[in-house]
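See below for the structure under consideration.
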Amino acid sequence: MPSLLRSSALAVLAAAVLPAALAQETVVGSWTTVTKNCGVVPVHALYSPGDKIFFTERLHLLGTLNDGFSAAELTARAATGFYNQNPNAVKEKFLTDSAEFDLNTNQFKLTENLMPLAEPIGKNQGYAFCSGHAQMADGRYLSVGGDAFWGVPFNGANRTSDGRRDIRVMTPSAGAAPATFVKVADINNVDNLGPDDPRRALWGRWYPSVLTLPNEDVMIIGGQRAFFVPDNVTWDNPTYEIYHPKTQVSDTPVRVKVLADNYPVNMYPVVYVLPKSGNLWTYANNASAILNVQTKTETPSVGLDLSKEDGLLGRSFPFAGTNFLPMLTLKDDYKMTSWFCGGVNGTAANGLPTPRAYNAPQWWANCPDCAPTARCNYLELETEGAAWMREEMPIARSQPTAVNLPDGTIGIFSGSGKGHQGGVYGLPVSTVDVKEVVIFNPFAPKNHPSRWVTAAAAPTGRHYHNIALLREDGTVVTGGGDAQNGVNPNTDDPADMTLDVYSPPYKFATNIPELAPLAVKDVTYGQLIVVPFTTDVAQNITRVGIIRYASVTHTVNLDQRHIELEIVKYAANKLLVRLPAKPEIATPGNWMVWPVDSRGVPVKRSALINIRASNPGGDAVWTEAETIPTPVFRDPFAPVVAEPPAPAASQAADAKNSASGAASGWSAAAAAAAGLAVAVAGGIA
Ligand SMILES: *[C@@H]1O[C@H](CO)[C@@H](O)[C@H](O)[C@H]1NC(C)=O
Ligand SMILES: *[C@@H]1O[C@H](CO)[C@@H](O)[C@H](O)[C@H]1NC(C)=O
Ligand SMILES: *[C@@H]1O[C@H](CO)[C@@H](O)[C@H](O)[C@H]1NC(C)=O
Ligand SMILES: *[C@@H]1O[C@H](CO)[C@@H](O)[C@H](O)[C@H]1NC(C)=O
Ligand SMILES: *[C@@H]1O[C@H](CO)[C@@H](O)[C@H](O)[C@H]1NC(C)=O
């Protein structure tokens, strides 16, 4: 541990103040592998309170001649022992694609026996691989669509299930009651077909997106009707339908022009609730639009002109670019900025299109030799006249996964140094591990050394199908990666069920503030709550943010959202904090409460709140006599204008130097980098 502390401390110091050459020699944060067997291959990951994570997998099988393998290849694959049915399912004697993993105990429990025997529309959930998912207002997750799965024998019987039409609910475990994953409805039948109509085969959502709306309904949007048939638009499903969790039905689908226009690069469309209007911003390939679900209208939004992006391919799946939204701050009036980072460069060094697999002529065809890109593109939403901007990451990669960290930075995890996702089971399309974390501080000025920091390398390379999620203790869990598409069947384990955990630098600070239990969990919009600490640290807290519990798959995390709260009053050991005024800002559901101190160090563990308009509410009682003066914090990135003050006078001088002043005026998330370096280094000395 001491050496770990030392390297972390040096690393942060390096990131903040040392020349780049020196910074490269240090390690920022650290990794551990927490399990080698998390139950199923984590392709889809849904995080719940109590540090529980629900996974669904792509069943890993030998494959057949029909999958494009030669007999010799199948023999070679069989010899590796990798391409067998999940040994956990074999042991439990039932077939499933899902498990809940408890990160407290590092134990998994398979979700029992939900893959049904052959039947056209099962009551049980079908194969959830390729589904979309979102946390609902009550904290359960809705999982929609998926894939078909034909003729897979298990214990002597063919198990067949088709998840492409399923709407299912994942309820996390509670005490002795295990997690459940249950089909509750079919998606809306666009063609109004009867249950036995053979055309039902063209009815589904494969790679849809799902998002909870301010009124607690859930939007199910896009995907393809059955499978990837990129050259036949009959298979497209460029629509959204609104699902009502209370009645378990969804409305007639509404056509989405921006998705139709961008077929076939319209899978897992990115969609966000806009904080001001409550409309939806959606993006596919190079185009975006604003959807109004009340009027069922669509307005084009700003497109990204790829002809000016140096050979970049579309920013959404399958040329993904991971999506994220930096924290919405009070100072910026909750302005939302949509980012894509990384992705695929379709142009070779000779300036011609990089040859696609099998020399396919289509620009969107699989490109196992395509270079990755370091490029990010971002657009301020609900901002008159906004245009797409660009910036480069320090490392190029395709299919990374971005995670909002509680200090306001964004961690970029995993991904490939060559090729991109897509492709048929067993065929190589993405290779070359990119293991280093990159930490992006959107609050540091451009070209400031702490704006992009290259951090510790992960123990496991993770490509297509990797997952990364923020945990309640501020660490990040990663898993998955599709070695099923690996180049080397002798070494790429398609059943990789390891989970790694990354501890960012703030986990190594000294005197990390700790939360005391909150008096309320179920809260409502605009409500005042007390955020209590175990000791008198409140005067050092610059900011309280909330981060939504999230789910992730295929580089896309639409749940993730980070909102700054207004700090109304300070006492020695607690804060009075106001929750966002409306669900357009903080969509209903479970959120983590994250106070952060002036060094940029978040509390040891977040607190859980569930925000819904229907929760009881009632402002917290605050004893006025306990109020202390609101401290004033300096913007760590503000230019230094005067001689540094003498150490003893520094607090007062800091207060003076700050023009913006207010406690809520924190404006430089992990700018903290500088402060943390000093604090941690001090801890070592
Ligand atoms: C299972 O399905 C496969 C393909 O659909 C078929 O070839 C096989 O005979 C079936 N096996 C059993 C035991 O029914
Ligand atoms: C597209 O797919 C549909 C459904 O399978 C099929 O009926 C139609 O002939 C296909 N069209 C083309 C041009 O291949
Ligand atoms: C997006 O791509 C399509 C298809 O290549 C093209 O027709 C369109 O002009 C592009 N739009 C922008 C904004 O670049
Ligand atoms: C794509 O690759 C070409 C050739 O190496 C390079 O000139 C271009 O800058 C790259 N573009 C991006 C966006 O990475
Ligand atoms: C507040 O922060 C200052 C500067 O980092 C530190 O010296 C002090 O001990 C902190 N106070 C508390 C109560 O944590």
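Remember, it's 1-based here, ligands and their atoms both numbered in the order they're listed. In this text, all values refer to a predicted model and were calculated from it rather than measured experimentally. For the single chain, residues carry numbers from 1 onward in sequence order.
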Fill in: Positive for side-chain contact (heavy atoms from CB on, under 4.5 Å) with Ile529, one of Val568, Leu518, Val544
Leu518
Discussion item. Looking at ligand 3, is there an atom of it that comes within less than 4.0 Å of some heavy atom belonging to Asn262?
Written reply: no
Worksheet item: Is at least one protein non-hydrogen atom found at under 4.0 angstrom from atom 11 (N) of ligand 3?
Response: yes
Worksheet item: Parallel under 30°, tilted from 30 to 60°, perpendicular over 60°: which one fits the rings of Phe129 and His554?
Response: tilted
Worksheet item: From atom 14 (O) of ligand 2, is the closest protein heavy-atom distance below 4.0 Å?
Response: yes
Practice prompt. Output the list of atoms in ligand 3 that are nearer than 4.0 Å to some heavy atom of Leu306, sorted by atom number.
Written response: 14 (O)
Fill in: Candidate with minimal heavy-atom separation from atom 8 (C) of ligand 2, of Thr234, Asn232, Asp231
Asn232
Fill in: Glu472/Lys604 salt bridge by N-O under 4.0 Å criterion
no
Worksheet entry | Row check, Trp388 ring normal vs Lys308 NZ/CZ: under 6.0 Å, within 45° | no
Fill in: Sub-3.5 Å N/O-N/O distance, Leu304 and ligand 3
yes
Worksheet item: Between Phe317 and Tyr207, does the ring centroid distance fall short of 6.0 Å?
Response: yes
Fill in: Element-labelled atoms of ligand 5 that are located less than 4.0 Å from some non-hydrogen atom of Asn540
1 (C), 2 (O), 3 (C), 8 (C), 10 (C), 11 (N), 12 (C), 14 (O)
Worksheet item: Of Ser430, Pro372, Pro318, Cys370, which is the lone residue that meets side-chain contact (heavy atoms from CB on, under 4.5 Å) with Val344?
Response: Cys370
Item to complete: Mind telling me whether Tyr283 and Phe340 have parallel, tilted or perpendicular rings, with 30° and 60° as the class edges?
Response: tilted
Worksheet item: Does any N or O atom in Asn286 lie less than 3.5 angstrom from one in ligand 3, N or O only?
Response: yes
Worksheet item: Less than 4.0 Å between a side-chain N and a carboxylate O, is that true for Glu564 and Lys331?
Response: no
Practice prompt. Taking only heavy atoms of Asp536 into account, list the atoms of ligand 5 that are under 4.0 Å away from them.
Written response: 13 (C)
Worksheet item: Does the protein put a heavy atom under 4.0 Å from atom 5 (O) of ligand 2?
Response: yes
Practice prompt. For ligand 5, note which part of Asn511 has a heavy atom under 4.0 Å away: side chain, backbone, both or neither.
Written response: neither
Discussion item. Going by a strict under-4.0 Å cutoff (protein heavy atoms only), does atom 2 (O) of ligand 3 have a neighbour on the protein?
Written reply: yes
